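Take a look at the structure set out below.
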Amino acid sequence: MSGKPRLTYLNGRGRMESIRWLLAAAGVEFEEIFLETKEQYEKIIKDGSLMFQQVPLVEIDGMKMVQTRAILSYIAGKYNLYGKDLKERALIDMYVEGIIDLMQMILMFPFSPPEAKEKNLDSIKERATNRYFPVFEKVLKQHGQDFLVGNKFSWADVQLIEAILAVEEKVPAVLSGFPQLQVFKIRMSNMPTIKKFLQPGSPRKPPPDEHYVETVLKIFRK
């Protein structure tokens, strides 16, 4: 094995994308194995690699890690993106959990039935502009620093830039009322590791299309 983390998931965003983002932001190269059939998925369950019979699976430091939140926490801690003390870590956790709630809506959107798509898109826009983005706009304005926690780049910043770009794909003008977040987006997008991840040809995955949705349903549907 090369020593690089190895990620097993589908060739699409899903629950693995935040993990790809965090590794990339930390400057860590990784390998990927893409599941394309139900048989591949059943084989790794049979091999005992999936503790709860669920992906994402990340092999790192001799461990086979499952559960997205546990994987993200480990990567954040390992690469010094998790604050300097318990209080900073608690703040990062709160911010991340909030962003994950918003991202969950985006994650499920491609699986909406056609008649529900418009309503679900309105919900994403409403939640982003009224519940989630105002929090981060206020934080950045109040402390006047470049980053969300402790004036140091952290996991919370990575989650937020991922969420901003994901919401903008659906609602292009979503940041129009958030000047602090507009500046934050530019600053984060120009950080060398993130800039590299945003370039064509990086491991970043495109927005889910019908083929991705079909593959997900084919592999995971009981």
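Keep in mind the model is a prediction, meaning the values are calculated, not measured. The analysis underlying the following values was restricted to heavy atoms, covering all of them including side chains, and did not include hydrogens, waters or symmetry mates.
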Find the distance between CZ (Arg131) and CD (Glu126) and round it off to the nearest 0.5 Å.
-> 7.5 Å
dist Phe220:CZ -> Thr215:OG1 (nearest 0.5 Å) comes out at 10.0 Å
Any idea which heavy atoms bring [X] and [Y] closest together, and the distance?
{"X": "Ala26", "Y": "Leu81", "value": "CB-CD1, 4.0 Å"}
{"X": "Ala163", "Y": "Ile99", "value": "CB-CG2, 3.5 Å"}
{"X": "Ala25", "Y": "Val158", "value": "CB-CG2, 3.7 Å"}
{"X": "Ile106", "Y": "Ala166", "value": "CD1-CB, 4.1 Å"}
{"X": "Met16", "Y": "Pro56", "value": "CE-CB, 3.5 Å"}
{"X": "Val58", "Y": "Ile19", "value": "CG2-CG2, 4.0 Å"}

In the single-linkage hydrophobic clustering (I, L, V, M, F, W, Y; side-chain heavy atoms under 4.5 Å), do Leu107 and Val213 co-cluster?
-> no
So, the side chain of [X] versus the backbone of [Y]: is there a donor-acceptor pair under 3.5 Å, distance only?
{"X": "Asp85", "Y": "Lys87", "value": "yes"}
{"X": "Lys141", "Y": "Pro179", "value": "no"}
{"X": "Ser49", "Y": "Ile45", "value": "no"}
{"X": "Glu137", "Y": "Gln180", "value": "yes"}
{"X": "Asp146", "Y": "Asn151", "value": "no"}
{"X": "Ser112", "Y": "Phe109", "value": "yes"}
{"X": "Glu32", "Y": "Thr8", "value": "no"}
{"X": "Gln40", "Y": "Thr37", "value": "yes"}
{"X": "Glu88", "Y": "Lys84", "value": "yes"}
{"X": "Lys38", "Y": "Arg221", "value": "yes"}

[X] bridged to [Y] by N-O distance under 4.0 Å:
{"X": "Glu162", "Y": "Arg20", "answer": "no"}
{"X": "Glu29", "Y": "Lys4", "answer": "yes"}
{"X": "Lys185", "Y": "Glu168", "answer": "yes"}
{"X": "Arg89", "Y": "Asp93", "answer": "no"}
{"X": "Lys125", "Y": "Glu118", "answer": "no"}

Got [X] and [Y] here, is their nearest side-chain heavy-atom distance under 4.5 Å?
{"X": "Phe184", "Y": "Asp157", "answer": "yes"}
{"X": "Leu102", "Y": "Phe133", "answer": "yes"}
{"X": "Ile124", "Y": "Met103", "answer": "no"}
{"X": "Asn11", "Y": "Tyr212", "answer": "no"}
{"X": "Ser154", "Y": "Phe147", "answer": "no"}
{"X": "Lys64", "Y": "Leu50", "answer": "no"}
{"X": "Ile75", "Y": "Val28", "answer": "no"}
{"X": "Tyr9", "Y": "Phe34", "answer": "no"}

How about Asp61 and Tyr74: does a side-chain donor come under 3.5 Å of a side-chain acceptor?
-> yes
Side-chain H-bond candidate by donor/acceptor type, Gln67 with Arg15, under 3.5 Å | no
Evaluate the criterion side-chain contact (heavy atoms from CB on, under 4.5 Å) for residue pair Arg127 and Met105; output intermediate values, then yes/no.
-> CA-CA 9 Å; Arg127 290 280 179 87; Met105 298 173 74; 3.7 Å; yes
Partner of Val55 by side chain to side chain contact (heavy atoms under 4.5 Å, CB included), out of Ile219, Leu7, Ile44 | Ile44
Is the CD atom of Gln199 crowded by more than 12 outside heavy atoms at less than 6.0 Å?
-> yes
Do other residues, nucleotides or ligands put more than 12 heavy atoms under 6.0 Å from the NZ atom of Lys117?
-> yes
Between Gln159 and Tyr95, is a side-chain contact (heavy atoms from CB on, under 4.5 Å) present by the stated rule, with each step listed?
-> CA-CA 9 Å; Gln159 285 277 177; Tyr95 293 157; over 6 Å; no
After noting the C-alpha distance and the side-chain angles of Trp155 and Val149, does the key distance pass the side-chain contact (heavy atoms from CB on, under 4.5 Å) rule?
-> CA-CA 9 Å; Trp155 172 21; Val149 178; over 6 Å; no
Apply the test side-chain contact (heavy atoms from CB on, under 4.5 Å) to residues Val183 and Arg187: give CA-CA distance (whole Å), side-chain angles for both, the deciding distance (0.1 Å), then the verdict.
-> CA-CA 6 Å; Val183 173; Arg187 186 165 53 242; 3.4 Å; yes
Under the salt bridge (Lys or Arg N to Asp or Glu O under 4.0 Å) rule, what do Arg13 and Glu169 come out as? Steps first, then yes or no, please.
-> CA-CA 14 Å; Arg13 288 185 184 174; Glu169 286 172 353; 2.9 Å; yes
